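Some notes on the structure that comes next.
Letters A, B, ... are given to chains in the order of the sequence lines, protein chains preceding strands, and every chain is numbered from 1. All values derive from a computational prediction rather than experimental measurement.
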Amino acid sequence: MFTKTIISILLTLMILSTATMAYSLWRDELKAVVKVSTGELNLKFICHKIIACQHCSHNHPEEYYHSGEIISNGKKFVGKFENVYPCWKAIVALVIKNVGTVPATLNNINVKLHGDQELINTFHYRVCVFGPLGKSLSETPYWTRPSYEDLKELISICRNKVVLDPGEKAIVIIPMGIRETFVNSSNFNMEVTFDFVASW
Amino acid sequence: MSKKLSIAIIPIFLLLLATASVAYAMWSETLRINVTAKTGELDWEFMEGSTLLKDACGLQPGYGDYGGNDWNATYLPSPGATQLDKDVGCTNVTLIDSDQDGDYDTMNITLHNVYPWYYTHIAFKVHNDGTIPLKIWRIIIDSQEFYELNAQVLDEGLKIDGDGDGLNDTLIWWGDNFGVQLEPCQSADISLDITILQDAPENATYNILISFEAVQWNEYLPGPPP
């Protein structure tokens with residue numbers, strides 16, 4: 001028993017000694033600290049306009065009313081239109097801004113209508129996107145004075161996809177109307193959303 | 001009887017004392033060897049002015065190595081990248097003397113405003129500024145040790161979960177000169193490729209630590225310590 005203890009102690013000392021030798025070599029260390037700061041991909045609706053009653057060929061009901069609101073943290077526009085009537089025309093104009101820090105491609109505008117099916121069947125609209133625009137929207141009359149007179153010209157500069165660098169804006173113009181075949185006045189809601197992807 | 005014995009012992013004692021005194025009275029001289037050990041220093045550094053990188057912060061937008069347009073890891077998992085048409089992110093490298101011993105021991109690499117497939121390449125020189133030869137032993141990335149160039153299963157680099165969300169967000173490839181011996185004053189190239197992966201979180205900041213270790217040349221053994 002005593003012999004075993006002695007052997008154990010000796011073995012431990014030998015192992016310790018070997019380990020000490022292995023770690024006793026000189027070494028020096030250089031460090032590289034990599035700090036990664038990622039960007040943000042984000043587009044938002046930042047403002048809207050509704051211009052209605054353009055070229056009305058019929059007397060519109062006095063209780064006609066519209067309103068619009070940007071919701072879902074800038075990802076959705078909701079328009080409410082009450083008592084629209086035959087030949088009613090309007091333009092919804094929206095500004096989308098790249099509020100992120102990396103470029104983004106705006107590649108689709110989605111329009112959904114909710115309301116009287118007969119009205120929706122006679123509803124017509126078109127989506128026109130153009131840009132990119134810099135900081136000042138006053139550079140373009142399509143935002144300051146959107147009108148049906150400018151539509152032909154506007155449609156000629158519409159684009160399917162717009163690449164927006166951080167801080168840049170695009171204008172979405174949605175001219176729309178009710179055909180004469182609709183004979184009543186009714187309400188509908190409109191939802192506008194958009195799809196975007198990273199642009200690199 | 002006892003008195004007689006005492007008288008007899010005293011002369012014997014005196015005689016012995018006298019003999020000893022003769023022994024200590026000998027002339028003598030000593031030769032001395034003074035051993036002075038002056039140890040060397042194992043020291044290496046990031047070499048100032050040797051860093052080359054793609055998409056350095058501050059470059060004007062444009063193409064080529066001196067243009068600020070970003071690079072995209074188009075060919076992953078194969079190496080190589082193509083330059084994009086925009087300057088969105090950038091890479092910055094600074095050298096730091098963290099222990100104030102007069103050489104640069106830390107390299108801060110910062111990737112600003114980056115996104116999936118952003119690619120950068122950083123090449124630099126390491127320099128033996130000590131007094132004994134050293135060998136570049138290993139690289140430790142995110143606590144994982146490697147003793148050689150990327151090879152075989154690590155062909156495209158090491159995928160790292162830098163932000164700790166369980167998804168790999170960064171790919172690091174490293175190169176060159178493991179096991180190479182640097183004599184005092186000699187230098188060698190090392191390079192890193194960094195690619196941001198698809199699972200990198202948006203709007204986040206995270207750090208990855210990379211260590212390069214060198215050992216004294218005569219104790220170098222390829223691979224982990226025995």
*Specify the closest pair of heavy atoms between K86(B) and V163(A), including all atoms of both residues, with the distance to one decimal.*
CE-CG1, 3.8 Å
_Interchain contact, I194(B) with chain A, by part (heavy-atom threshold 4.5 Å)_ = side chain
_Check whether E202(B) reaches the backbone of L41(A) with its side chain - one donor and one acceptor, N or O, closer than 3.5 Å._
yes
*Looking at CG of L30(A) and CZ of F124(B), how far apart are the two atoms once the value is rounded to the nearest 0.5 Å?*
8.0 Å
*If you count heavy-atom pairs under 4.5 Å between each of D85(B), D103(B), T110(B) and chain A, which one has the most?*
T110(B)
_Spacing of I196(B) atom CD1 and T38(A) atom OG1 [to the nearest 0.5 Å]_ = 8.0 Å
*Is the NZ atom of K112(A) crowded by more than 12 outside heavy atoms at less than 6.0 Å?*
no
_Portion of Y118(B) that has a non-hydrogen atom of chain A nearer than 4.5 angstrom_ = neither
*Is atom NZ of K31(A) surrounded by more than 12 heavy atoms (other residues, nucleotides or ligands) closer than 6.0 Å?*
no
_pair D28(A)-L134(B): side-chain heavy atoms closer than 4.5 Å_ = no
*Step through the shown structure and confirm whether more than 12 heavy atoms of other residues, nucleotides or ligands are within 6.0 Å of NZ on K49(A).*
yes
*What are the two closest non-hydrogen atoms of V102(A) and Y115(B), and how far apart are they?*
CG1-CD2, 3.8 Å
*For the candidates V215(B), T205(B), N203(B), V88(B), which exhibits the highest count of non-hydrogen atom pairs separated by less than 4.5 Å from chain A?*
N203(B)
*Give the minimum heavy-atom separation between A32(A) and I109(B), together with the two atoms involved.*
CB-CD1, 4.3 Å
*asked:* Looking at Y206(B), I want to see if its OH is surrounded by more than 12 non-hydrogen atoms of other residues, nucleotides or ligands under 6.0 Å.
replied: yes
_Heavy-atom closest pair, residues W26(A) and Q216(B)_ = N-OE1, 2.6 Å
_Region of V126(B) that comes under 4.5 Å of a non-hydrogen atom in chain A_ = side chain
*Got more than 12 heavy atoms from elsewhere within 6.0 Å of CG, N121(A)?*
yes
*Would you mind checking which part of D105(B) comes under 4.5 Å of any heavy atom in chain A, side chain (CB onward), backbone (N, CA, C, O), both or neither?*
both
*Per-residue contact mode, L42(B) against chain A (heavy atom under 4.5 angstrom)*: both
*Are more than 12 heavy atoms from other residues, nucleotides or ligands located less than 6.0 Å from atom CD of Q60(B)?*
no
*Given the options L95(B), N113(B), L111(B), L221(B), which has more heavy-atom pairs under 4.5 Å with chain A than any of the others?*
N113(B)
